[in-house]
Amino acid sequence: MDGIEKREKVREARRRLSAQRNRAGRLRGRVVAASLVCFALLWGVVFVQMATGNDPVLSEKAALAASRTKARHAAAAQTQRQAVEPELEVRSESDGDAEREVEAQPEAEAQAEPEVQAETESQAEPEVEAQPEAEVELEPVTTSQS
Amino acid sequence: MSESRLQFECFGGRVEIRAGGDGAAAALAAARERLFDAHRRLSRFDPGSELSRLNRDPRTEVPASPLLRQLVEAIAMAGELSGGLVDGTLLREIERAGYADSLRRADRGAPIPSAPASPAGASARAEWTALAVDAEAGTVIRPPGVKIDGGGLAKGLLADLVGADLARFDSFVVDCCGDLRLGGRAGAERRVLVDDPGGGGPLAELRLRGGGVATSGISRRSWTGPDGRPAHQIIDPGRGGPAFTGVVQSTAVAPSSLLAEVRAKAALLAGPEGAVAWLPDGGVLVLDGGEVVPVPTPAELPQAVGA
């Protein structure tokens, strides 16, 4: 191989190397462009959903929190009703007011749900679930010769 | 769970009724009136009561109120179930023993009468077999001269009848001078303490969600008889006098108060050897030596392997 052929081969190698770099640059550019488009499209969908008020994640949380809060208040109202039952007979005129107060509480507290949501889920549930397991204690009675 | 309650004197002793739930106070007041009415009808110490008039009536078939008919049926049932040991037609024998006038139940700690012990037996006359009721005609049929005494059977019957009235409440208990009917829709467990005939603290504790409990004994209505011997109200039908069987007090558990009364009295009359057979749902016996014998309920009995 003479000197001319040697230089020609070197030039050819540089050209190929340059072509490879160009291809890699084009591919990199296409990938970056595709990523940017996908990113923009995804956020576009999210934006539309948020703008129209249809965030599914937020809707499920709200429904769950509301149902748990209602369950807690229903159980609390039931417990309160059982506790005052003996008195209900004596205070017949105030029965209606007491019932109305018990029923009104869930509505009033439902408005404050977003603020109490975390507390409702983490703290109130164990109290509500533990109550039905308690055995009712009845006063003993004595049997004697009749 | 809190309960409304009423206590009052009736049937020659203390009656207590309790119920828990809405409207319990009004129901208890109605139950008290029902018990007072029953006492007026069924007292043998009141010559004007329906029972006294029946015992004097010379006719074979006598018109009777539904309550008196139920009592007569209960007496016939008691005789049938106990083979004549529990005999509600022994009024003459009771009066002959000295229990002719109303005798209020003695306070706790009364001395326990004692005499040589032997098991009781059925009466040869078995007048309870002649008792019948015609529900359509509304009459009681029995040979003239047969006299009946409600005694503990009437208390057990009334505890059941009033208990049925109170069954709609979350909890209830009817205590007719110691004969109990208890239960309630809540199905809650209640402790039943067994009284000590010697006047001490409770001898035993039962735990029930419903049913009847009755106690029969010889110490709380006892006296010295005309012959100077100790006497009491539990008559041995076979001998016609107070029974001394070696059992001084018997407590029985049963599905109803009336059945518990029959079992308790039959167990006492059968004596220590035969008493346990009369307590298939459990109970407590007190023997004349002071020994307390708990009889377990079927659930408390040890189960055989593979049973």
Side-chain angles (χ1 to χ4, degrees), chain A residues 66-110 120 123-146, chain B residues 1-5 11 13-14 16 18 20-26 105-106 108 151-152 155-156 159 170-171 173 175-180 182 184 186-197 202 205-206 213-221 233-234 249-252 260-261 264 284:
Chain A
S67 66
R68 285 180 176 171
T69 306
K70 281 178 183 173
R72 182 173 69 92
H73 290 312
Q78 176 71 17
T79 306
Q80 195 171 348
R81 239 178 254 127
Q82 288 174 352
V84 301
E85 262 181 359
E87 297 175 11
L88 293 180
E89 296 166 18
V90 181
R91 298 183 300 165
S92 57
E93 289 181 7
S94 62
D95 286 354
D97 294 337
E99 289 285 336
R100 276 192 292 279
E101 282 178 20
V102 170
E103 287 171 7
Q105 280 180 353
E107 288 179 17
E109 294 193 17
T120 303
Q123 295 178 1
E125 277 180 7
E127 292 176 13
V128 173
E129 289 172 1
Q131 284 175 356
E133 294 173 4
E135 179 73 24
V136 176
E137 183 73 22
L138 292 172
E139 194 176 337
V141 64
T142 301
T143 179
S144 57
Q145 296 176 29
S146 55
Chain B
M1 184 188 301
S2 60
E3 296 177 307
S4 301
R5 66 169 65 191
F11 304 123
R14 186 187 59 84
E16 179 174 348
R18 304 180 204 166
D22 195 21
R105 193 169 64 154
R108 300 176 71 240
K155 297 182 183 86
D170 294 337
S171 66
V173 61
D175 174 0
C176 282
C177 309
D179 281 6
L180 311 178
L182 52 102
E189 192 176 72
R190 189 188 297 273
R191 289 186 297 143
V192 177
L193 309 177
V194 178
D195 193 28
D196 177 6
E205 179 180 304
L206 309 168
V213 183
T215 297
S216 190
I218 65 173
S219 65
R220 297 292 285 272
R221 281 192 171 93
Q233 60 166 345
I234 309 294
Q249 179 173 291
S250 166
T251 297
E261 173 68 26
V284 180

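In what follows, every heavy atom counts, from backbone to side chain, and hydrogens, waters and symmetry copies are set aside.
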message: Can you give me the closest heavy-atom contact between B/Ser219 and A/Gln145, atom names plus distance?
response: OG-NE2, 2.8 Å
query: Where is the tightest heavy-atom contact between A/Leu138 and B/Glu3, given as atom of each residue plus distance?
result: CD2-OE2, 4.0 Å
- prompt: Is a side-chain N or O of B/Arg191 found less than 3.5 angstrom from the main chain of A/Glu139, in a donor-acceptor match?
  reply: no
- prompt: Looking at B/Thr251, B/Thr215, B/Asp179, which one forms a side chain to side chain donor-acceptor pair (under 3.5 Å) with A/Thr143?
  reply: B/Thr215
- request: Check each atom of B/Val192 against the heavy atoms of chain A and say whether the ones under 4.5 Å are side chain, backbone, both or neither.
  value: both
task: May I ask you to decide if A/Val141's main-chain N or O and B/Arg18's side chain share a donor-acceptor pair within less than 3.5 Å?
output: no
task: Could you tell me which portion of B/Glu16 (side chain, backbone, both or neither) has an atom closer than 4.5 angstrom to a non-hydrogen atom of chain A?
output: neither
message: Working to the nearest 0.5 angstrom, can you tell me the gap between B/Leu180 CG and A/Ser144 OG?
response: 8.0 Å
Which portion of B/Ala186 sits near chain A, non-hydrogen atoms under 4.5 angstrom: neither
- request: With a 4.5 angstrom heavy-atom cut-off, could you sort out which part of B/Glu205 is near chain A: side chain, backbone, both or neither?
  value: neither
